[in-house]
Amino acid sequence: MNLQIFLAISAVLFATGLAAVLSRANAILVLIGIELMLGAANLNFVAFWKFSPSPSDLTGVMFALFSIAVAAAEVAVGLAIIILVHRRMNTVDVDDADELKG
Amino acid sequence: MIQNILNELAADPWGVAGKWFALAPAAVLLLAAAAAVVARNLVRAALALTLSFMALGVLFISLGAEFLGFVQLMVYVGAVAMLIVFAILLTRPDRLRRTATALRGAGPAAGVVIGLVTLGGLLGVISTSPLAAGTKCAPAATAPVARIGEVLMGSHVAALLAVGVLLTAALVGAAILAIEDK
Amino acid sequence: MITLPLIPLLPLLAAGATALMPRGRRGPAAGAAIFAQAASTLLALAAFAGTLGGGHDGPACLNFEWIATGGGTLRLGMLIDPLSAGMALMVSFVSLLIFVYSLGYMKDDANFARFFCFLSLFSGAMLGVVLSNSLLLTFACWELVGLASYLLIGFWFHKPEAAAAAKKAFLTTRVGDMGFLIGMLWLYASTGTLLFYDGGNGCLEASAVSALAAQTVGFGLAASNVIALLIFCGAAGKSGQFPLHVWLPDAMEGPTPVSALIHAATMVAAGVYLVARVFPIFAATGVTTGALVVVAWIGAGTALMAALIAVAQTDIKRILAYSTVSQLGFMMLALGVGSVPAAMAHLIAHAFFKALLFLGAGSVIHGVGDEQDVRKMGGLRKYQPVTFLTYAVGMMALSGVPFFFSGFWSKDEILHLAHGWPVSHVPFFLAGAAAFLTAFYMTRQMCFVFAGSYRGGVHPHESPGVMTLPLVVLALFAVGMSIPLTPAWPWLHGYHAGHAPELDLARLVDHGFLTIAGLSVLLAGSGIAAGYWLYRKFSPTDPLERAWAGGFRVLAGRFFIDELYAATIIRAFGFLGRAAAAIDRIISAVTMGAAGILARAFSALADFFDRMGVNLGFDSLCGGLKDGGDLFSSWQSGRVQSYLRILAAGTVVLLFFVGWLLS
Amino acid sequence: MSEFLETAPVWLKDWVLGLLAGFGVPGWILDLVAAGMVVGTCIGIFLGLFALMSVMERKILARCQNRYGPNRVGPFGLFQPVADGIKMITKEDIVPAAADRVVHFLAPVVMMVPALLVLAILPYGRDLVPVQLDAGILYFFAVGAGTEVAVFMAGWSSNNKYSVIGAMRAIAQMISYEMPLVIAALTAAMVSGSLAPQAIVEAQGPAGFLPGWYVFTPWGFVAALIFYTCALAESNRCPFDLPEGESELVAGHLTEYSGFKYATFFMAEYIGMFAICGLFVTLFLGGWQAPLPALGFVPSWVWFFAKVCAVAGSMVWVRATLPRLRIDHMLGFAWKFLLPMGFVTFLAAACWHYAGRGPAGWLASLAIVGAAYVALSANFSRRFSLERRVYQFSE
């Protein structure tokens with residue numbers, strides 16, 4: 001049980017999320033990918049906190065806590081935007097929302 | 001390598017089992033995340049995501065951050081997952097249109113390749129980093145609730161207030177965005 | 001002491017409670033507001049009584065830690081000293097009277113509850129300004145006061161003029177507040193604290209002030225002078241001093257109780273109060289140099305300019321508004337020549353009689369069916385006896401009719417001080433002229449409104465008791481305030497200095513005093529006489545206009561300052577626009593010309609190639625170019641995800657590159 | 001005697017473990033056995049309570065409606081649950097053809113897991129807490145969040161519009177009522193300065209000869225009422241049972257379930273109800289504390305279960321009394337009344353604490369909650385003022 005294992009887990013989770021963001025067409029799945037990436041970042045914070053020289057500062061835990069709160073806000077606004085896009089364009093496909101096409 | 005593991009197993013079976021068992025949530029986390037990403041059915045993707053959130057919470061708990069793990073469960077499973085589910089049901093695509101959830105074409109493939117390259121780079125960095133190799137688990141690292149309260153209301157109080165404002169603004173903003181035009 | 005925060009908090013709580021009430025709860029809204037205001041008046045009275053004893057050294061402070069940021073802590077506080085106690089009592093008491101008056105005035109308004117919510121918000125914020133012991137808290141309350149003023153000026157927002165006036169007031173005062181903010185930040189950067197008094201560590205106490213005075217920032221100015229001038233920008237904006245006075249007359253679009261409370265008695269005096277509060281910084285390098293000279297000149301100039309404009313106005317409230325600007329100029333002059341007690345004396349006296357005049361004007365407007373043009377009134381003496389009598393008291397107090405009216409003593413003292421100012425005598429003459437004009441235009445207004453016969457359409461009537469009662473109370477105060485202001489028994493000065501006053505009638509016949517007092521009696525008397533002589537008979541054209549039409553038009557047009565601002569801004573923008581257009585034309589002419597020449601040359605070349613080498617692959621070259629264009633265009637797919645992919649790929653490549661560089 | 005009864009369960013466990021250790025059983029097996037005994041006892045007791053409750057509920061309802069209720073199987077019909085169980089197990093398990101079979105199968109399991117997991121942190125007695133958790137209250141709500149997922153899984157996988165509507169309503173209701181529920185629970189946690197249930201119970205020890213339960217303070221009374229109301233909504237009980245309203249939604253997300261899966265849902269809901277009653281008792285009714293110090297000779301765990309049964313019984317009473325609400329009324333009630341009231345209660349609790357927890361604090365918090373109640377209820381009831389009913393065809 002050392003730091004490397006958790007960093008590796010976090011790296012895999014991050015790559016999974018990144019792949020989802022870059023390759024899935026559905027906006028909700030893109031959002032899911034973003035959530036996975038955020039989770040990976042939080043896991044990193046907690047792991048570094050756990051193995052830090054002064055864990056009683058709780059720096060990593062605090063950062064993860066605030067990041068969870070911010071992520072909740074981000075999901076709420078993101079989903080509201082998706083619902084709005086769906087209502088306007090009748091699609092949740094990020095590739096269909098290409099009104100800025102050159 | 002295998003011999004080492006077997007020796008260790010013979011010496012302290014319960015400890016070794018515990019060690020591997022502690023990684024079970026990580027396995028669930030990664031499998032569920034992968035399932036969420038490749039799922040064809042959106043609702044199943046959301047359910048897999050929920051499972052991965054749960055596993056991440058359990059992982060936090062096993063790392064000693066109990067409070068954070070519970071918060072993760074409460075916020076993500078109780079709120080975020082349900083929000084996503086609601087969004088999925090509110091934005092069901094028309095039957096006539098393509099469902100557009102398939103992983104096909106050059107673009108998505110490029111995305112997957114970028115993800116894999118990133119993974120390779122990260123794993124390379126992690127395996128060679130002197131920071132990661134040197135440190136060992138500090139069993140004393142726990143986050144008692146009282147201490148979290150002190151820190152949150154002490155040195156982080158400005159951030160706490162800012163988060164409160166942010167959440168309120170996000171709530172109002174989301175409501176305004178999603179409200180039906182009368 | 002511990003009840004001190006309650007004084008501003010109670011009205012604020014009432015405002016919050018009223019805001020949460022459902023629409024149309026008129027009784028509870030007014031009840032909550034008046035109850036909270038009455039309680040806070042009682043608390044202010046208790047605090048005032050606590051400061052009466054004298055013998056206190058320095059203000060009593062209640063400082064507390066507001067928020068702990070990463071590096072240090074930010075502290076706020078409340079304080080009580082003669083300056084703030086008297087002001088707090090005046091503000092809360094006048095507010096209470098005006099709340100009661102509003103019960104009658106706003107009776108038929110649909111947004112009655114909202115009105116009381118805003119009034120409470122204003123009163124709480126204003127008391128916060130008065131009692132704050134921290135420039136930061138002062139600034140926060142200052143902005144709240146500005147917000148309340150904006151909301152109340154635009155209370156009848158369906159009227160376009162009201163909405164525009166609210167916007168104008170907000171933006172104009174914001175110009176000054178920007179200076180205030182910069183000054184505050186500068187002060188914090190130099191002294192490290194924004195608390196006024198903090199047991200020797202406050203920014204108004206000797207060590208900080210002398211450090212500020214010793215620090216030179218350039219052009220031979222001390223840091224204290226620059227900070228004081230920046231803070232004075234805010235004060236000038238709020239108190240309607242030239243050149244930021246333009247918003248105050250327009251603010252009369254709000255309901256009359258608002259004009260009385262905010263734009264005559266209290267908020268506009270906040271600027272004067274602010275200067276008085278941070279007076280140690282203004283006076284850090286001595287009272288005859290630096291920032292105070294500017295304050296004195298601006299005060300005197302504003303006093304005369306506004307008085308001149310007031311002579312030619314016809315709207316009953318606008319006359320009073322310009323009169324307010326003029327009187328605020330007097331107060332600033334008093335501060336500029338170095339006397340806080342004189343400024344505060346005039347401030348408090350003015351608050352009572354100007355509130356009285358505005359409420360009287362409101363009563364008149366109410367009585368004649370919402371008509372504000374003085375030419376369409378007249379003869380109201382018969383129809384509104386109570387209003388007439390109280391209005392006359394207010395008018396005499398404002399004009400400086402001697403001996404029994406508070407305005408006489410306070411104005412006289414300012415003239416006296418201005419006369420003794422060692423820097424220049426010009427402000428004294430400006431102020432004297434303004435005092436003469438004050439008496440003149442007030443007499444003119446009285447003649448228009450109350451004398452002669454009624455010229456309006458609606459049948460006039462006296463206002464209800466709930467409106468006339470505050471008038472009577474305020475009239476009593478306008479007269480009664482003369483007692484603690486006479487030089488024979490200078491109670492207010494003693495109160496500010498912290499010792500008991502003694503009665504000394506000899507000071508009344510002192511040589512210097514007699515000269516100035518005689519002069520000021522002469523000025524007031526001649527002003528009233530001139531006004532009565534010119535306006536005793538009503539005529540549709542103003543006698544002054546007949547005498548000198550050009551000058552009158554300039555005055556009636558308020559020196560065209562609004563137009564000047566508009567013209568300069570519009571011209572500046574117009575010039576910029578024309579310059580941009582010219583540059584555009586030049587560039588396009590050059591480029592078009594060059595492009596034309598090039599195109600012609602190219603076409604000749606193309607002609608040559610077309611003839612010579614069409615079959616040599618020119619078509620394929622065109623095709624290649626087109627394909628290239630298509631390629632570039634297709635990169636602009638408008639698809640977020642493909643952008644993201646490229647971004648991610650670039651980041652990954654960059655990361656690998658950086659890793660390779662580092663290893 | 002009473003001391004022995006108090007510690008009897010612990011003594012029994014230690015005795016068994018000592019016996020096994022005497023046989024030379026390895027340590028990790030002993031750990032497993034110890035955990036298994038605790039878990040088994042908990043589950044056993046709550047399944048027994050569930051069986052008792054299912055028959056008692058029908059009998060109480062019958063009393064309220066002036067009829068007999070089940071009285072055929074066994075003495076007074078007490079064996080009715082056995083008969084019901086046999087019926088449920090032997091019924092055919094039907095899965096709709098269009099259903100998502102995996103999710104459809106998993107839903108009752110996911111429903112059951114949180115209901116059982118939350119039992120771990122309840123302090124059943126002075127020495128009887130299965131798991132001592134620093135953040136026990138938070139754990140309760142965090143794990144309880146899984147229920148929403150289960151309800152959604154059940155509703156969506158059935159592929160039936162009534163199921164989906166029912167599930168979405170249930171989730172909306174649970175999320176809405178979770179906010180005031182957590183706020184109300186946090187008042188008790190704040191006052192006792194701990195999120196650990198055992199510490200909260202200990203903080204409610206007797207004050208002199210009177211019980212120091214939080215429900216006997218003004219803020220505690222209001223918080224308890226809020227908590228109780230939200231607990232009814234969280235466990236989908238009448239009058240908040242509209243997600244599964246059989247007359248409108250043919251039982252909502254349970255439409256397509258039958259046989260043992262249905263029984264599992266049923267069981268999970270009842271156990272969840274007991275768990276939330278247990279939390280209610282812990283937070284506001286003094287947990288295992290005796291009502292009067294003089295009654296301290298009765299073992300603490302008896303008091304705990306007596307209180308839980310009383311609260312659960314009162315829920316049945318409520319069910320027999322109140323009609324079902326309309327969905328917009330129900331959500332409006334949560335957001336416009338309970339939530340602001342919860343915040344005010346929070347404030348009142350803080351005032352109570354800072355005023356020294358004495359009569360002054362009592363009066364201050366009473367004034368705060370009273371004023372808030374008057375203001376909020378006036379505002380709230382105005383929107384739902386009932387109009388006089390007009391009988392169109394009766395004249």
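Here is the naming used below: chain letters follow the sequence lines, and residue numbers restart at 1 for every chain. What you see is a predicted model; the values in this text were computed from it and never measured.
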- Could you look at Leu116(B) and say if it's the side chain, the backbone, both or neither that has a heavy atom under 4.5 Å from chain A? neither
- Any idea which of Gly111(B), Ala169(B), Gly173(B), Pro144(B) has the most non-hydrogen atom pairs under 4.5 angstrom with chain A? Gly111(B)
- Message: What's the separation between atom OG1 in Thr16(A) and atom CG in Leu119(B), rounded to the nearest 0.5 Å?
- Response: 7.5 Å
- Query: Closest approach of Leu177(B) and Arg87(A), non-hydrogen atoms and distance?
  - Reply: O-NH1, 4.5 Å
- Looking at Leu160(B), Ile176(B), Val125(B), which one has more heavy-atom pairs under 4.5 Å with chain A than the rest? Leu160(B)
- Query: Do you know which of Ile81(A), Ile68(A), Val75(A) has the most heavy-atom pairs with chain B at a distance under 4.5 angstrom?
  - Reply: Ile68(A)
- Query: With only heavy atoms counted, which part of Leu13(A) is less than 4.5 Å from chain B, the side chain, the backbone, both or neither?
  - Reply: both
- Query: By a 4.5 Å heavy-atom criterion (distance strictly below it), what part of Leu90(B) contacts chain A: side chain, backbone, both, or neither?
  - Reply: both
- Task: Supply the atom-to-atom distance Leu43(A) CG to Leu59(B) CG, rounded to the nearest 0.5 angstrom.
- Result: 5.5 Å
- Message: For Tyr76(B), which atoms come within 4.5 Å of any heavy atom of chain A: side chain, backbone, both, or neither?
- Response: side chain
- Query: What residue in Val21(A), Val85(A), Leu31(A), Leu79(A) has the most heavy-atom pairs under 4.5 Å with chain B?
  - Reply: Leu79(A)
- Taking all atoms of both residues into account, what is the closest heavy-atom pair of Ala69(A) and Leu167(B), and its distance? O-CD2, 3.5 Å
- If you take all heavy atoms of Ala76(A) and Leu83(B), which pair is closest and at what distance? CA-CD1, 4.2 Å
- Message: Could you tell me if the side chain of Phe67(B) sits less than 4.5 Å from the side chain of Leu65(A), heavy atoms only?
- Response: yes
- What residue, out of Ile82(A), Ile28(A), Leu18(A), has the most heavy-atom pairs lying under 4.5 Å from chain B? Ile28(A)
- Message: Which atoms of Ile84(B) are under 4.5 Å from chain A, going by heavy atoms: the side chain, the backbone, both sets, or neither?
- Response: both
- Task: Take Ile5(A) and Leu23(B) through the side-chain contact (heavy atoms from CB on, under 4.5 Å) test and state the conclusion after the steps.
- Result: CA-CA 9 Å; Ile5(A) 291 179; Leu23(B) 284 179; 3.8 Å; yes
- Query: Of all of Gly121(B), Ala79(B), Ala159(B), Ala34(B), which one pairs up most often with chain A through heavy atoms under 4.5 Å apart?
  - Reply: Ala159(B)
- Task: Enter the distance from Arg24(A):CZ to Leu42(B):CG here, rounded to the nearest 0.5 Å.
- Result: 7.5 Å
- What residue, out of Ile83(A), Asn42(A), Val46(A), has the most heavy-atom pairs lying under 4.5 Å from chain B? Val46(A)
- Quick one: pull up OG1 in Thr91(B) and CG in Asn26(A) and give me the separation to the nearest 0.5 Å. 7.0 Å
- Query: Atom OG of Ser155(B) and atom CE of Met62(A): how far apart are they, to the nearest 0.5 Å?
  - Reply: 8.0 Å
- Measure the CZ-CG distance between Phe63(A) and Leu68(B) for me, rounded to the nearest 0.5 Å. 13.0 Å
